[in-house]
**Q** 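Structure provided below as C-alpha cells; questions to follow.
Atoms within a ligand are numbered from 1 in the order they appear, just like the ligands themselves.
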Amino acid sequence: MSVGPSVQTIVVPADEPGAIERVAGILKQGGIAAFPTETVYGLGADAFNADAVARVFAAKGRPGGKPLILHVSGPEMLAQVVADVPAAARVLIEAFWPGPLTLVLKKAAGVPAIVTAGGDSAAVRCPAHPVALALIRTVGRPLAAPSANRSGSPSPTTAGEVMEDLAGLIDAVLDGGPTGIGLESTVVDLNVCPPTVLRPGAVPVETLRRFLPDLRVPAERHEGAAGVAAPPGPRDLLRSTPRAQLILVEGREAGRVAAEVRHRAERYAAAGSRVAVLATAETAGAYDDLGPGVSVTVVGARRDLAGVGGALFRTLRAVDREGFDIILAEGFPEEGLGVAIMDRLRRAAGEVIDT
Ligand code: TXA
Ligand code: MG
C-alpha cells in the first residue's frame, strides 16, 4: 500500500459483489480503510500491523499517545487482544454485544504498543453492523479503528463525510450507507474499581447500571452547565469543534433556553455575524421571525433523543460547511442519550451559557 501523502482512495459500495473481500484484502496487506459501524464510521487497520496502525494516526492527524479501540467479530476473538475476561465483562458482553459498548480490559501480550498508546489496557468492542462484522471476519483479525474523521472534526456518519476528511489519505472507504446511531460507543473501564465510564455514548448509563450497579460516572458529567468545565476524560481526543464558533445554551427549561438563543442570535446578527441556530421541532417556532441574518436548522425533536443523536454530527458538519461565524445550539436534558449528546456538544463548544 502507498505511504505517500496522497493516495488514491477508492469508495467501495458494500453491496457490490466482492466488496468485503476487496477491502479485507487491502487491510490484510497493511492498508487502511474506513468502514461503517452502527455508531459512526471507523478507520480500520489490522491491529497486529504496527505500521498500518501508524498510518491511521497519520491520516487522522491524531496525536500519538491516544489509544485505539480494537474491533472484534465476537467474544471468540477476545483472547487475541485481552489477557483476561473478568466476570463483569462477561455479563456486559452477554447483554450488549454486538453493540455500542466498549470495554477497557487488560491487554494481551501480542497487541502492539502503538494501539494501546504504550499502556497495558486495551479497549475492545464488537460492532452491531453486518458490514463491519463481515469485514472483521474476512480479515480474520481484530481491527484497530478510531472514528474515521480528521482529528478535530465530528465523527463521520456517511462515506461522503469520511471522504470529506480523508480522501487522498486512506486506501479505501467501504460504503454501507448512513450509520444508524450517529453517536460513538460508551466506553467503560473495567480495570478500575468501581468500573468507570470514560466516555458516555450510545448505551445510556442508566441501562448499564442494571447490570453494573456500582458503575461510576464522573460527577461533572451530570452537573449541568454551571461548571462550564470541559468534560473529564480524553477531551482533546474527542473535540469536534466546527470551524464556526459553537455557543451552547443550556438550561432545564426549553422555553428559557430558546429565549436566550433568540436574544443572542439577534445581537450577533445585528453585529454583522452570520448566525446559525440549531433548534428542535419543539422550539423552532421561537425563531420564526429572526430575519435573513439568522438561519435555523432543526436537529430533531426533544421527545426523540435517538433522532437527535443520529442527526447531530451530520447536522454540525452540514451547518459548518455553510461558513457561518456562529452556531447557537440548544442544550438537552441529561437523561438517557441526552448525556452523550450534551457531552459531544460541550466538547464542540467554544462557549457554554447557562440560563
Ligand atoms: O463508536 C465508537 O466507539 C467508534 C466506532 C468506530 O467504533 N470509535 C471511536 O473511536 O469513537 P475513537 O478512537 O474516536 O474514540 C475511542 C475512545 C477514546 O475516548 C479513547 O481514549 C478511548 O476510546 N480508548 C481507546 N483505547 C483505550 C484504552 N486502552 N484505555 C482507555 N481508553 C481508551
Ligand atoms: Mg473519535
**Q** State whether the side chain of Ser295 and the backbone N or O of Gly293 hold a donor-acceptor pair below 3.5 Å, judged by distance alone.
**A** no
**Q** Which of the atoms in ligand 1, numbered in the order shown and given with their element, are less than 4.0 Å from a heavy-atom of His71?
**A** 5 (C), 6 (C), 7 (O)
**Q** Does any N or O atom in Glu184 lie less than 3.5 angstrom from one in ligand 1, N or O only?
**A**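 In this structure, Glu184 places no N or O atom under 3.5 Å from an N or O of ligand 1.
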**Q** Between Gly44, Ser147, Ser155, flag the one that comes closest to atom 12 (P) of ligand 1 by a heavy atom.
**A** Ser147
**Q** Taking the minimum heavy-atom distance to atom 25 (C) of ligand 1, which of Pro100, Ser185, Pro67 ranks first?
**A** Pro67
**Q** May I ask you to check whether Ser153 and Asp165 show a side-chain donor-acceptor distance below 3.5 Å?
**A**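 Side-chain D/A pair, Ser153 to Asp165: present.
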**Q** What do you reckon, does Ser121 have a nitrogen or oxygen under 3.5 Å from a nitrogen or oxygen of ligand 1?
**A** yes
**Q** Does Gln29 reach the main-chain N or O of Gly25 with its side chain, forming a donor-acceptor pair under 3.5 Å?
**A** yes
**Q** Output the list of atoms in ligand 1 that are nearer than 4.0 Å to some heavy atom of Pro146, sorted by atom number.
**A** 10 (O), 12 (P), 13 (O)
**Q** Show me which atoms of ligand 1 lie under 4.0 Å from any heavy atom of Leu198.
**A** 31 (C), 32 (N)
**Q** Let's go through Arg302 and Glu330 carefully: what are the C-alpha distance in whole Å and the side-chain angles of both, what is the deciding distance for salt bridge (charged side-chain N to carboxylate O under 4.0 Å, His left out) to 0.1 Å, and is it a yes or a no?
**A** CA-CA 10 Å; Arg302 289 177 170 272; Glu330 298 175 353; 3.0 Å; yes
**Q** Would you say the Mg ion (ligand 2) has Ser147 as a near neighbour, meaning an N/O/S atom of that residue under 2.8 Å away?
**A** yes
**Q** Within the 3.5 Å criterion, strictly below it, is a donor on Thr102 or Ser185 matched to an acceptor on the partner's side chain?
**A**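 Checked: Thr102/Ser185 side chains pair up, N/O donor to acceptor below 3.5 Å.
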**Q** Heavy-atom contacts with Arg62 under 4.0 Å: which atoms of ligand 1 show up? List them by number with element.
**A** 12 (P), 13 (O), 14 (O)
**Q** Looking at Gly42, which atoms of ligand 1 are within less than 4.0 Å of one of its heavy atoms?
**A**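 By the 4.0 Å cutoff, the relevant atoms are 6 (C).
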**Q** Restricting to salt bridge (charged side-chain N to carboxylate O under 4.0 Å, His left out), what partner residues turn up for Glu21, sequence neighbours left out?
**A**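 Applying salt bridge (charged side-chain N to carboxylate O under 4.0 Å, His left out) to Glu21 gives none.
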**Q** Salt-bridged, Arg55 to Asp171, with N to O below 4.0 Å?
**A** yes
**Q** Has Lys66 got any heavy atom lying under 4.0 angstrom from an atom of ligand 1?
**A** no
**Q** Within a distance under 4.0 Å of any heavy atom of Val104, pick out the atoms of ligand 1 and give their elements.
**A**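 The atoms of ligand 1 under 4.0 Å from a heavy atom of Val104 are 30 (N), 31 (C).
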**Q** If you measure every N or O of Lys60 against every N or O of ligand 1, does any of those distances drop under 3.5 Å?
**A**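 The answer is no, given that Lys60 and ligand 1 share no N or O pair closer than 3.5 Å.
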**Q** So, is Thr37 polar-close to ligand 1, with some N/O to N/O distance under 3.5 Å?
**A**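 No, since none of the N or O atoms of Thr37 sits under 3.5 Å from an N or O of ligand 1.
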**Q** State whether a side-chain donor-acceptor pair under 3.5 Å links Glu184 with Ser155.
**A**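 Yes.
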**Q** Would you mind listing every salt bridge (Lys or Arg N to Asp or Glu O under 4.0 Å) that reaches into residues 119-136, with sequence neighbours excluded?
**A** Glu38-Arg125
**Q** Is Tyr41 close to ligand 1, meaning an N/O of one under 3.5 Å from an N/O of the other?
**A** no
**Q** Would Thr116 count as a polar contact of ligand 1, with the cut-off being nitrogen or oxygen pairs under 3.5 Å?
**A**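 Between Thr116 and ligand 1, no N or O pair is found under 3.5 Å apart.
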**Q** Do Thr157 and Arg314 meet the criterion of a side-chain donor-acceptor pair at a distance under 3.5 Å?
**A**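 A pair is found: one side chain offers a donor N or O, the other an acceptor, under 3.5 Å apart.
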